[in-house]
Student: 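A single structure is presented below for examination.
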Amino acid sequence: MLARSQPIYPPSRFATGREGWAEVHFTVDQEGRVGTVTVAGETDPEFGAAARAAIVKWRFTPVSQAGYLTMVTLKKTFYFKIQAPTASH
């Protein structure tokens with residue numbers, strides 16, 4: 001993995017305390033770039049949109065198979081959970 005960004009918690013869901021998840025399936029091309037992204041499951045469309053927006057920014061080390069660069073299909077589940085604030089001293 002060369003670059004990764006986390007999804008932005010949808011503000012409207014954060015404001016209402018809504019938690020959930022989204023699973024995306026995506027291809028990585030021979031140059032390590034994310035290609036096709038499909039939201040395979042989600043508890044809310046806004047979580048799916050946030051997951052998609054994050055995954056397209058990811059960059060991977062290209063995969064080689066038998067000496068040839070190849071495209072691969074991967075999946076990732078993002079969990080959207082509201083964290084309690086931590087106390088500072």
Student: Can you name the closest pair of heavy atoms from Ser5 and Ala54 and give their distance?
Tutor: OG-O, 3.3 Å
Student: What's the shortest heavy-atom distance between Met71 and Asp29, and which atoms?
Tutor: CG-CA, 4.2 Å
Student: Over all heavy atoms of both residues, which pair between Val39 and Glu42 is shortest? Give the atoms and the distance, please.
Tutor: CG1-OE1, 3.1 Å
Student: Do the side chains of Leu74 and His25 get nearer than 4.5 Å, heavy atoms only?
Tutor: no
Student: Answer yes or no: is there a donor N or O on one side and an acceptor on the other, between the side chain of Arg33 and the main chain of Val28, under 3.5 Å?
Tutor: no
Student: So, do Gln30 and Tyr68 sit near enough that their side-chain heavy atoms are less than 4.5 Å apart?
Tutor: no
Student: Run the side-chain contact (heavy atoms from CB on, under 4.5 Å) check on Val37 and Val56 step by step: do they pass?
Tutor: CA-CA 8 Å; Val37 179; Val56 298; 3.8 Å; yes
Student: Would you please name every residue forming a ring pair (Phe, Tyr, Trp, His ring centres under 6.0 Å) with Tyr79, sequence neighbours left out?
Tutor: none
Student: Please check if the side chain of Glu19 supplies one atom and the backbone of Ile82 the other of a donor-acceptor pair under 3.5 Å.
Tutor: yes
Student: Taking it one step at a time, do Lys75 and Phe26 satisfy side-chain contact (heavy atoms from CB on, under 4.5 Å)?
Tutor: CA-CA 6 Å; Lys75 66 180 178 178; Phe26 57 99; 5.6 Å; no
Student: So, taking the atom named NZ in Lys76 and the one named CZ in Arg4, what distance separates them when rounded to the nearest 0.5 Å?
Tutor: 6.0 Å
Student: Taking all non-hydrogen atoms of both residues, which atom of Val34 and which atom of Arg59 are closest, and how far apart?
Tutor: N-NH1, 4.3 Å
Student: Looking only at heavy atoms, what is the nearest atom pair of Ala50 and Pro7, with distance?
Tutor: O-CB, 3.5 Å
Student: Are the side chains of Thr38 and Val24 in touch, meaning some heavy atoms are under 4.5 Å apart?
Tutor: no
Student: Take Phe47 and Arg18 through the test side-chain contact (heavy atoms from CB on, under 4.5 Å) and record every step on the way to the result.
Tutor: CA-CA 10 Å; Phe47 293 140; Arg18 175 107 190 234; 4.1 Å; yes
Student: Val72 versus Thr27: any side-chain heavy-atom pair under 4.5 Å?
Tutor: no
Student: Would you check if there is a donor-acceptor pair between the side chains of Ser12 and Glu46 at a distance under 3.5 Å?
Tutor: yes
Student: With under 30° as parallel and over 60° as perpendicular, where do the rings of Tyr9 and Phe80 fit, or are they tilted in between?
Tutor: perpendicular
Student: Would you check if Phe78 and Glu23 make a side-chain contact, meaning some heavy-atom pair closer than 4.5 Å?
Tutor: no
